[in-house]
Amino acid sequence: MERRKFFKTSTKGVLAVSMLPIVGELTAQNKNTETVATPNWNTNADGQQFHLNRKKTITADVVVVGAGMAGICAAVSSARMGNKTVLIQDRPVLGGNASSEIRVTVNGVQSLKNKHIVERETGVLEEMLIENWHFNEQESYPVWDHVLYDFVTRQNNLELFLNTQAYDVVKDGDKIKSVFARQTTTEMAYTFNADVFIDSSGDGLMAAMAGAEYRIGREGKEEFGESFAPDVPDNWVMGDCIMMITKDMGRPIKFNPPSYAIPFDAETAFKDKHRKIKQVKEGFWWVEIGSNNDIIGEREDIKHKLLARFYGVWDHIKNSGNFPEAENIALDWIGSVPGRRESRRFMGDYILTQPDMEEYRHFTDTVAYGGWSLDEHCPGGIENLTEPASYFHSRFKQVYEIPFRCLYSKNVSNLMLAGRNVSVSHMALSSSRIIATCALMGQAVGTASALCIQHKVTPREIGKKYINDLQEQLLRDDSYLPSRPANDKNDKARQASVIFGSSTISGDVKNLIDGVGRDEVEKIHHWQADGLQAELQLEWKKNIDLSAVEFKFDTNLQRKMMMHKNPAKNKGQVIGIPPELVKSFKVEAREKGSWKTIAEVTDNRTRLVKVNFKTIKTNAIRVTFNDTYGDPNIKLFEVRCY
C-alpha cells in the first residue's frame with residue numbers, strides 16, 4: 001500500500017496534513033450561462049443553418065444533486081416543508097446503489113448484539129419500502145425503479161431531472177450561487193439557481209467543484225484514536241462491486257466465459273470464510289476492487305476489471321465441477337454500473353469517528369442514527385486475496401448518533417451533504433455508508449433546508465440557533481433520535497386533561513404523548529387495544545382550535561422490510577404491507593355537545609398519518625380504529641393535535 005500523500009505544497013512551503021485536511025483540487029468556475037455551448041443543425045436541402053438555443057435557467061429554493069435513497073429523502077422532505085425543490089440525477093432511474101442498475105439491498109440497523117437485532121428506519125424511507133410491497137410483491141427491480149419514480153414525481157413542490165449531470169458551479173464568496181448541468185437525453189443546458197444546495201451524489205462532484213474540503217483514504221490510528229485504522233494513513237478506499245442474478249432453466253446450461261475473463265484463484269480465495277460460495281442465486285459482494293490512487297478517475301478501468309473478475313468466478317462455479325447445484329443455473333442479469341462504497345468524504349464542523357460510535361456518544365445536535373457493524377472491506381478487494389473480504393471489526397449493542405455538524409460543509413456555507421460523502425472518518429464510514437442510514441441523513445438535511453429558507457440562515461446557524469426546531473420537526477415527521485424525545489409545545493395532545501382508550505392489553509394510553517414514537521429496548525412506548533374497532537379519546541377543559549390530528553402506527557420495526565435479489569433471504573419478513581398497520585379509521589370532534597365526523601381514512605399505507613381539516617373549535621376528539629392489514633389488535637405509538 002502507498003502512504004497517502006500527506007502534504008500540501010504551496011508557494012509558501014509545505015504544510016503537514018495533520019494540520020490541514022485533504023482538499024479537492026477541483027475549483028469553482030465563475031461562468032456566465034451565455035457561454036454554455038449549444039449545437040448547430042442543418043435544417044434543409046439548401047444548407048441553411050440556425051442556432052438552436054437549448055438553454056434553461058431554473059430558480060428554486062433548494063437544489064438536491066444525486067437521487068439515491070439519501071437524495072430522494074432529502075428532496076421529498078424539503079418539498080413537503082414548502083420549499084420549491086429541484087432533484088437532479090445523472091442516471092435514467094432513481095435509487096442510486098439501490099436501483100435496478102446496481103441492486104444493492106436497502107440495509108439498515110439489523111445486526112445489533114441484543115434481542116432487538118433490527119431497529120428499522122422510519123420516515124420517508126419507510127414510506128417507499130411499504131409502497132414497494134403494495135405495488136411490487138413480485139420483487140422486480142425494474143418495477144422498484146418506477147415505484148420510486150411515482151413517489152417522487154407526485155410530490156408537490158418537487159421537480160425531477162433525470163439523465164442530468166451537474167458538472168460545474170458559480171460561487172458568490174463562500175456560497176454556491178448556481179449549478180450548471182446538462183441533460184444527455186435532450187441536450188438541454190440547465191442553470192439551477194437556489195439558496196441552499198444539497199450534494200447526495202456519493203462522489204460529490206458538485207461539492208468538489210464548489211471547493212468544499214474533503215478527504216479520500218484512510219486515517220492512521222493516531223489521528224482519532226481508532227483501533228481498527230491502519231498504523232499509518234494511506235490512500236486506500238473500499239472497493240466498487242457488481243452484482244448478478246441467476247435463474248434456474250430446468251435443464252443443464254453451459255457457460256463459456258468471455259475473452260477478457262480472469263481465472264479465479266479459488267484455493268486462495270476460499271481460505272477466507274466470507275468468500276465461500278454459499279449460494280448461486282445472487283452475489284457476490286466480495287467481487288469488488290478498491291483503489292489506493294483515484295477510485296473516481298479509475299472507474300471505467302475498475303468496471304472492466306470487475307467484469308473480468310466476476311466472469312472468472314462464475315466460470316469456476318460452472319465449470320470446475322465443484323458446484324453441481326449450478327448445473328441448471330444461468331446468468332440472467334449482471335450489473336454494468338459498479339456500486340460504489342467510498343470516495344470523497346466532505347469535511348463538516350465535526351468528523352464522526354470509530355470511538356464516537358463505539359462509545360455511543362450523545363450529541364446535542366443529533367439528527368440521525370446508525371448501527372450497521374464496522375464493516376471495512378479489505379484494500380484491493382478481489383485483487384487482494386491474502387486478506388479477509390471484510391474485517392467485520394465490531395458489532396454494536398445499540399444504535400449510535402449522527403450529529404448535524406457532519407452534514408454540512410465547513411467552508412461552503414450553503415452546502416449540505418447526505419449519504420456516504422458526509423463528514424466521517426474512513427473507519428466510521430464502514431458503518432454509516434449503509435443505504436438506510438444514508439436515507440435518514442437525507443431526511444435530516446432536507447428538513448434543515450426548509451429552516452434555512454425560513455430563517456434566512458446557513459446550515460451552520462441552524463445547528464447553533466435552531467437545532468431544537470430541526471429535531472422537533474424530524475421527530476414529528478417520524479424520524480427517531482436516540483436519547484431525544486419530542487417536546488413540541490405546539491402539540492395540543494400534550495395539553496389534554498384526559499386521554500383514554502376503549503381497552504388495553506399492552507402498554508398504556510398515556511404512552512401516546514410521551515414523546516417517543518417507537519418502542520426502545522426494554523422500554524415500551526405504545527398503546528395496544530384488545531381487538532379491532534378500538535377507540536381513543538382526548539378531552540380538554542375548554543374549547544381549542546384544532547385543524548390536524550397525527551398518528552404513528554405500528555409497522556413492527558423489529559422486523560426487516562427490504563426487498564432482496566434472492567427471495568430465500570425473505571425469511572422472517574412479511575411480503576406485503578405490515579399486518580400490524582392500521583388500515584382505516586375515523587376521527588370525530590365534539591362540537592356543542594354533539595359528535596361530528598371530521599375525517600375518515602381508508603386504505604392507509606403509512607406509519608405516520610397526518611389528518612388535516614378546516615379549523616374547528618372543540619373540547620374533545622374521538623378516534624375509532626376500524627381494522628388492520630391482518631393483525632387482530634390495534635396498536636399505535638403516538639397521537640398529536642395541532
Side-chain angles (χ1 to χ4, degrees), residues 68-70 96-98 104-114 116-121 125 200 202 215-219 221 223-230 236-239 241 274 285-286 288 290 339-346 348 350-363 366-379 388-407 417-444 480-482 560 562:
M69 304 308 288
N97 278 349
V104 177
T105 305
V106 183
N107 287 315
V109 179
Q110 58 194 54
S111 57
L112 298 178
K113 293 192 295 185
N114 58 42
H116 282 175
I117 62 171
V118 177
E119 287 289 356
R120 206 175 66 238
E121 297 76 9
L125 174 67
S200 54
R215 295 185 176 195
I216 293 180
R218 305 191 297 182
E219 292 84 3
K221 277 185 169 62
E223 184 169 4
F224 299 120
E226 295 178 310
S227 62
F228 299 130
W236 279 105
V237 297
M238 291 180 283
C241 72
H274 298 301
W285 59 263
W286 44 263
E288 73 172 304
R340 176 152 293 162
R341 292 182 174 87
E342 180 180 7
S343 57
R344 296 184 182 101
R345 294 172 284 117
F346 291 90
Y350 191 83
I351 301 174
L352 193 69
T353 66
Q354 175 193 332
D356 291 329
M357 294 177 169
E358 290 186 317
E359 296 170 18
Y360 310 109
R361 290 177 181 167
H362 175 61
F363 299 99
T366 180
V367 290
Y369 71 92
W372 186 265
S373 64
L374 289 168
D375 176 14
E376 185 195 23
H377 290 219
C378 101
S390 180
Y391 302 104
F392 293 104
H393 295 293
S394 178
R395 289 169 60 190
F396 296 101
K397 295 180 181 179
Q398 64 191 62
V399 298
Y400 58 78
E401 301 178 22
I402 300 173
F404 183 58
R405 284 166 292 163
C406 294
L407 307 187
L417 308 147
R420 62 178 174 83
N421 61 358
V422 302
S423 185
V424 295
S425 70
H426 166 83
M427 278 310 313
L429 178 70
S430 70
S431 172
S432 66
R433 64 187 170 84
I434 296 303
I435 291 177
T437 304
C438 293
L440 296 182
M441 301 181 209
Q443 182 160 351
Y480 169 67
L481 306 181
K560 297 178 183 179
M562 70 282 284

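All residue numbers in this chain count up from 1 along the given sequence.
Residues Leu352 and Ala428 approach most closely at O-CB, 3.3 Å, considering heavy atoms. Between Cys438 and Ser432, the shortest heavy-atom contact is SG-O, 3.6 Å. The minimum heavy-atom distance between His274 and Ala389, with the atom names listed, is CB-CB, 4.2 Å. In this structure, Ser373 and Ser111 approach most closely via the heavy-atom pair N-OG, 4.2 Å. Between Ile435 and Val106 the shortest heavy-atom distance is CG2-CG1, 3.8 Å. Between Pro355 and Gly225 the shortest heavy-atom distance is CG-O, 3.6 Å.
Within the 4.5 Å cutoff, no side-chain heavy atoms of Glu223 are placed close to those of Ser425. Counting heavy atoms from C-beta outward, Leu125 and Gln443 have side chains that stay 4.5 Å or more apart. Inter-residue side-chain proximity for Gln354 and Ser227 is flagged as met; some heavy-atom pair is nearer than 4.5 Å. Between Phe228 and Ser394, some side-chain heavy-atom pair lies under the 4.5 Å cut-off. Under the 4.5 Å side-chain criterion, counting only non-hydrogen atoms from C-beta, Arg361 is not in contact with Tyr400. Using a 4.5 Å heavy-atom cutoff, the side chains of Ile402 and Thr437 are in contact. Side-chain contact between Phe224 and Asp356: absent, with no pair of heavy atoms (C-beta onward) separated by less than 4.5 Å.
Between the CE atom in Met441 and the CE atom in Met69 there is a gap of 14.0 Å [rounded to 0.5 Å]. Between the CD1 atom in Ile117 and the CG atom in Leu112 there is a gap of 8.5 Å [rounded to 0.5 Å]. The distance from the OG atom of Ser343 to the CZ atom of Arg420 is 4.0 Å, given to the nearest 0.5 Å. The structure places CE of Met238 at 10.0 Å from CZ of Arg218, a figure rounded to the nearest 0.5 Å. We find the CZ-CD distance between Arg341 and Glu288 to be 4.0 Å, quoted to the nearest 0.5 Å. Expressed to the nearest 0.5 Å, how far CG of Asp375 lies from NE2 of His393 amounts to 8.5 Å.
Between the side chain of Ser430 and the main chain of Met427, a donor-acceptor pair closer than 3.5 Å is present. In this structure, the side chain of Ser431 engages the main chain of Trp372 through a donor-acceptor pair within 3.5 Å. Put simply, the side chain of Lys221 gets close to the backbone of Ala229: a donor and an acceptor are under 3.5 Å apart. Using modelled atom types, one side-chain atom of Asn97 and one backbone atom of Arg340 make a donor-acceptor pair closer than 3.5 Å. Between the Ser390 side chain and the Glu376 main chain, a donor and an acceptor come within less than 3.5 Å of each other. Arg345 contributes no side-chain N or O that, together with a main-chain N or O of Asn421, makes up a donor-acceptor pair within less than 3.5 Å. At distances below 3.5 Å, at least one donor-acceptor pair connects side-chain atoms of Glu219 with backbone N or O atoms of His426. Checked by atom type and distance alone, the side chain of Arg433 never pairs as donor or acceptor with a backbone atom of Glu342 at under 3.5 Å.
Between the side chains of Glu226 and Thr353, no donor-acceptor pair is found at a separation under 3.5 Å.
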Item to check | side chain to side chain contact (heavy atoms under 4.5 Å, CB included) assessment of Val109 paired with Phe396 | outcome: CA-CA 10 Å; Val109 179; Phe396 296 101; over 6 Å; no
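Taking the six-membered ring where the residue is Trp, the centroids of His377 and Trp285 are separated by under 6.0 Å.
Classified by interplanar angle (parallel below 30°, tilted 30° to 60°, perpendicular above 60°), the ring pair Tyr480/Tyr369 is perpendicular.
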